[in-house]
Structures are given as structure tokens and as C-alpha cells.
Enquirer: 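Submitted below is the structure of interest, expressed as C-alpha cells.
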Amino acid sequence: MSVFKRSSRDAMAGGPAVVLDANEPEIKVEHVSVRFDGKKGAAPVVALQDVSLDIRQGEFISLVGPSGCGKTTLLRTIADLQQPSSGRITVRGQTPREIRLQKKYGIVFQNPVLYDWRTVRRNVCMPMELKGVPKKTRTATVTEMLELVGLYHFGKKYPHELSGGMQQRVGIARALAIKPEILLMDEPFSALDEFTKEKLNEDLLKIWNKTNKTILFVTHNISEAVFLSDRVVVLSPHPGRVSAIVDITLPRPRGLAIKNTPEFGALVAKVRNSFEGV
Amino acid sequence: MNLRSSMNPPEEISVRIAATQQDVSNPEAPAADRRRFDAENLTTLLYPIVFGVLILILWQTQVLHRILGADTFTLPLPGRILTIIADNAPEILMNARATAIVALTGLLFGSMLGYLLGVIAAVFPKWGIGGLTVVSAFNAIPIIAVAPILNNLTKDFSRDADTRSMLAKILVVTLMTMVVMSINAYRGLTELKPYSEDLMKSYAARRTDVFFKLRVPNSVPFLFTALRVSVPGSVICALVSEYFAEYIVGVGRQIRENIVLAQYATAWAYILTACLMGILLYAILLAAEGSLLKGRR
């Protein structure tokens, strides 16, 4: 906290570099519970119950679970879009709020949330406008990001002219545009067909490889989680809690062919068998 | 990573499917789409025109008179109405100008005030929604009730009868167009797509940024929804408020005066003028909407 006393403007502009101990987790979730108060008289809904989790820097970690297990709530709490009822979250030694105000999060939501009055380029540009990035840098970064997600030639299109998969890729380009330290993805591909989803899974691994971000990925698709992740966190519902953390020991880089190996099948089965009370 | 290599077969198929509807692969010319749009446009124009021409033929040949049991005195022939318009062009234009000034000035003030009310309601939602409910109650008051009241309220505004009449008429239009705009502006400023506010929050956007980069652009289509109601509405309000105005000018007033004097052909000439004004303003609105909302869906 004390490092921020210089000025708030400084903090907004990216903040001082925080040197992390190699052994220190980047995101530390300690005994977090989230309760939503029901209507008068009704018992409060416990979305998360005593969740603890450590996420290392550069790690690809997935939260898997059925509907109502609190996986989205956990992501939103880390993103500071939701406050924990009890417990504590520390990100790079700071609060989620401080990290959010330093614009170190990139978030991809369940739907692309593109602004339909802006072209693809100007959508990707939007977070940089908010951050006050100079125009020349913005233009260069937009080009770089669209090339990264393979949509450079579609920059002048409007969102409705793109397919669902392309729109979600624009969303990813936008999230990466402010060079966030942590990428939070909330079921980003759940609305897409299986083919597009697998393709984007592969692309996402390539992007992760190039950018070396920490990625927290929420999904209800076990196979997707196993394919992507270093570790899969299995959440169980009523109340939402961590029932297992499965290490995915598959070699990298991974291609879609890995899904046909017995090791992959075994890990999927291991994750599936970890659910409690479903 | 270039475009070709990054697209897997399924994605390409989906692009091709999209291309049959709209040529995505060529950014310059969505040719197929434009062609279909034209065909659609043609029929939407053609049907009413054919219907209108049919009515005109029946009217001019007096078949319409036989059906309605009317005579050519109360329902003059189209040819005669056009002759009257041609003969009285300067006077008709002068009256049309007076009506247009009332309609457009009222529309401008009403829409601006309405948008402002929408903004206030969106910024202070606690009493803003209640406030808008009160405002929309104005919608229930008929123009013929409001016009005489405002006429009375503005009678000390100026020594010049034309000026104070003008003010009364503009106020009627302002009041009516304000209501439509305020409700639509509020909806446009607050009915955001899911997660779009979360997205802004995740980038720690300032309130002013959320307002100008998200809420205001989001409200633009709603603004046109309001104008589609209030542009024709402003002409109607102007015409009706002229009936009650102190100073005798305007297309609406001329319709009334000429009917009172049993000059039906002249009255019809002004009715036609009123129709043309409404259609012209609506066409301008649609053209503006088409060019401003291009790319949106």
C-alpha cells in the first residue's frame, strides 16, 4: 500500500513495478466467502464458501464446475466486480481494487460486449482511450493485437458483420490491448460451436505462449479446461467450494491431437470424478 | 499470424455462410446485401404509390364521390386542388413557413429539453424514474386542451399578437415532443447490453467516460425512435395549436378558416400542404437516421 503514496495519478498510469518473490503466488485467495442476501425472510444464497487458492505468475488456471458453483463469482471477486463477504484476496501484494484501478486486468466476458457503434479497430482501441494512451501508440497496438488474433483485415468492419467466433476474438484483442498482467476469462467460448471453440482454444494457447500472462479461465467444459490449463480447480455447488485441484501434467505446446491420448482421457475422468454433490 | 493461416476450416465455412448474406470477405462492397435491400425498398415504395394513384384515379373520375355520396363542392377534384395551390403559391408558402417554424423550433427545444430530462433521470435514478412518470402524464393531455391554456398563459409575453401566438404554439409543440424524447433518452442511457458496465468498471473508467463513451452512443438509436414519433407529432401539434392561436397564420389555421368560409377547395389545398410537410420532414429524418446509424444493428 505504501508504495502508492506518491500520487494516485502515478498509480493510474500503470503503477510502480512490484517485484514478486518467485515463490510468492501472484493471486492469493484466502478463505473467501460470498453471500448474496435473498429477499426479505429468505435465507441468503451462499455463492462461495471458504475458498482458498493460490495462483502463480504466468500460470494458466481453469475454474470448472456446474452452474451455481460460484466459478463466475470467484472470477468477479478477483476482478473487484464483486466484494467478498469474508476472507481476503491479494493480487501482487495489493487489493483487487488497486490492481483494477491500475488497469492491470483484462477481462473477457461470456459475450463479446462489443460496442456496436464502433468499428472493430475502435473497439480494440477503447480501453487505451480510457487509459490515456497517446494516439500513435494506440494505432500501433490495435494493429498488433488484431494481427495477434488474426483479424487484421477486419478492422474497419462493424461487430454485427462478424461471426460469433470473430467477435469473441475481438473481445480478446481488446482485453490484451492495455497489456494487462492478468487475463480473466469468464466462459468466453461457451456460446460458440464446438469447431470454433477448439480452434479458439488452440489460438488462445498460442497467444498465452507469446504474451506470458497469467490467465484465469472459467468454463463448464471439462475437456476445454484440461486442454488449456496447468491446473484445473474443480468447484462444487451448494455452497460453492473447491472440491479438488487437478494438476494437468500434459506436455506443452499442446495441439488438438493431444485430446486423443489416454493421458488426456484419464485427466478428464479425474476432473469429472472430483465433483461432489452434483 | 496472417488471416488465412489463422482461420481453420469451420471458421472459413462460417465466414462463407455469412458471405452469402453479406460479402464479409470483401470489405468494400456488400453487393448482395445492397441488391436485396433495394428490392425490399422498391416494394415498400411501390405498394403505397400504386394504392395512392388508384385512389387519385377514382377521385378524379368521381367514382370516389359516388362511393362516399359526396359532391365535387365538398370534395373537390384533385385537378382543382392543384390549380388552387399553383394560383396561391406565395400565400401557401408563407403559411407553410409559419407552421414549419413552429413545428421545427418546438421540436428542437422539446427534444433538447427531453434529452436533458432523460440525462437527469439517468444520473439520479432514485427520483428520476418517478419524475419521468409525472412527465409522461403530460402525454395523456390532449393537444386541444393544452393549446388554449398556453395561449392564455402567454398573452402578456409581447405586445405583438404574432409573437405571442408564436410562443404559445411553440410551447405546445415543445411540451409534446419533450415527453417522447425524455422517456426514450432515459431508456437509451440506461438500457445497456449485459456486461458493458462491468467492462467499463474493469478498466476503471471514470463516470464521465462511461457517460460519453457508453451511455450517450447507446442512446442514439433511441433518440431516433423518439424522433420517429415526435417529427410527425410536431407538425400535428403545430397545426392544431394554430386553431386556437390569436394570430391568424399557418397551414392549420388556414384549413379551419377556409372550411368556416365554405371554401373547401382551398381548405383541401392546405390539407395537401400539411401532408406534404409531414412527409418531407419524415423523409429527411429517415435519411439522417440511415446515414447516422450505418453499421449498427
Side-chain angles (χ1 to χ4, degrees), chain A residues 12 76 79-81 97 100-103 105-107 109-119 126-131 147-166 169 171 174-175 178 180 184 186 193-196 198-200 202-203 206-207 210, chain B residues 1-28 30 33 188 192-224 292-297:
Chain A
M12 300 292 269
R76 289 177 64 87
D80 190 43
L81 296 174
R97 186 180 149 76
R100 176 171 68 82
L101 293 181
Q102 291 161 38
K103 300 179 172 64
Y105 285 130
I107 305 188
F109 294 94
Q110 283 166 30
N111 60 40
V113 210
L114 301 177
Y115 293 167
D116 58 6
W117 53 90
R118 286 177 169 241
T119 59
M126 200 270 302
M128 289 185 281
E129 289 170 23
L130 297 176
K131 204 177 174 180
E147 273 171 353
L148 188 69
V149 298
L151 287 176
Y152 176 70
H153 296 279
F154 294 84
K156 290 198 173 114
K157 290 281 177 190
Y158 283 92
H160 72 84
E161 297 174 289
L162 306 182
S163 68
M166 291 159 114
R169 279 198 268 171
R174 180 184 55 196
I178 50 166
L184 304 171
D186 183 10
D193 63 83
E194 200 60 34
F195 300 103
T196 313
E198 288 195 331
K199 169 67 184 141
L200 289 188
E202 264 192 318
D203 284 352
K206 281 180 200 151
I207 291 167
K210 277 187 208 165
Chain B
M1 200 191 294
N2 74 14
L3 178 72
R4 279 293 141 206
S5 71
S6 74
M7 282 208 294
N8 67 335
E11 182 84 331
E12 263 195 36
I13 289 163
S14 72
V15 168
R16 254 184 238 133
I17 292 164
T20 57
Q21 297 160 332
Q22 190 169 354
D23 203 346
V24 174
S25 56
N26 178 356
E28 293 309 317
D33 190 59
L192 307 169
K193 273 194 193 161
Y195 303 114
S196 48
E197 274 182 293
D198 280 345
L199 182 77
M200 280 299 196
K201 196 182 172 195
S202 76
Y203 292 125
R206 288 182 295 264
R207 266 173 80 93
T208 49
D209 275 335
V210 176
F211 189 76
F212 287 110
K213 287 188 192 293
L214 174 59
R215 291 185 188 278
V216 171
N218 193 68
S219 74
V220 174
F222 291 81
L223 210 136
F224 278 102
L292 273 171
L293 295 189
K294 198 167 58 187
R296 286 217 199 195
R297 191 158 293 176

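Treat the numbers as computed from the prediction; the structure is a model and nothing was measured. Values reported hereafter were calculated over all heavy atoms of this structure, with side chains retained and with hydrogens, waters and symmetry mates removed.
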Enquirer: Go through the structure and list residues passing side chain to side chain contact (heavy atoms under 4.5 Å, CB included) with B:Asp198, not counting sequence neighbours.
Expert: A:Arg76, A:Leu81, A:Phe109, B:Tyr195
Enquirer: Give, for atom CE of B:Met200 and atom OH of A:Tyr115, the distance between the pair rounded to the nearest 0.5 Å.
Expert: 3.5 Å
Enquirer: Just how far is it from atom CG of A:Asp116 to atom NZ of B:Lys193, taken to the nearest 0.5 Å?
Expert: 4.5 Å
Enquirer: Do B:Leu214 and A:Trp117 come within less than 4.5 Å of each other through their side chains, counting heavy atoms only?
Expert: yes
Enquirer: Report which part of A:Leu114 has an atom under 4.5 Å of a heavy atom belonging to chain B: side chain, backbone, both, or neither.
Expert: backbone
Enquirer: Can you give me the closest heavy-atom contact between A:Asn111 and B:Pro194, atom names plus distance?
Expert: OD1-O, 4.0 Å
Enquirer: List the atom of A:Val113, the atom of B:Leu199, and the distance in Å for their closest heavy-atom pair.
Expert: O-CD2, 4.0 Å
Enquirer: Given that the side chain runs from C-beta out, which part of B:Pro221 has a heavy atom under 4.5 Å from chain A: side chain, backbone, both or neither?
Expert: neither
Enquirer: What residues, two or more places apart in sequence or in another chain, satisfy salt bridge (Lys or Arg N to Asp or Glu O under 4.0 Å) together with A:Glu129?
Expert: A:Arg118, B:Lys213
Enquirer: Between CZ of A:Arg100 and OH of B:Tyr203, what distance do you get to the nearest 0.5 Å?
Expert: 13.0 Å
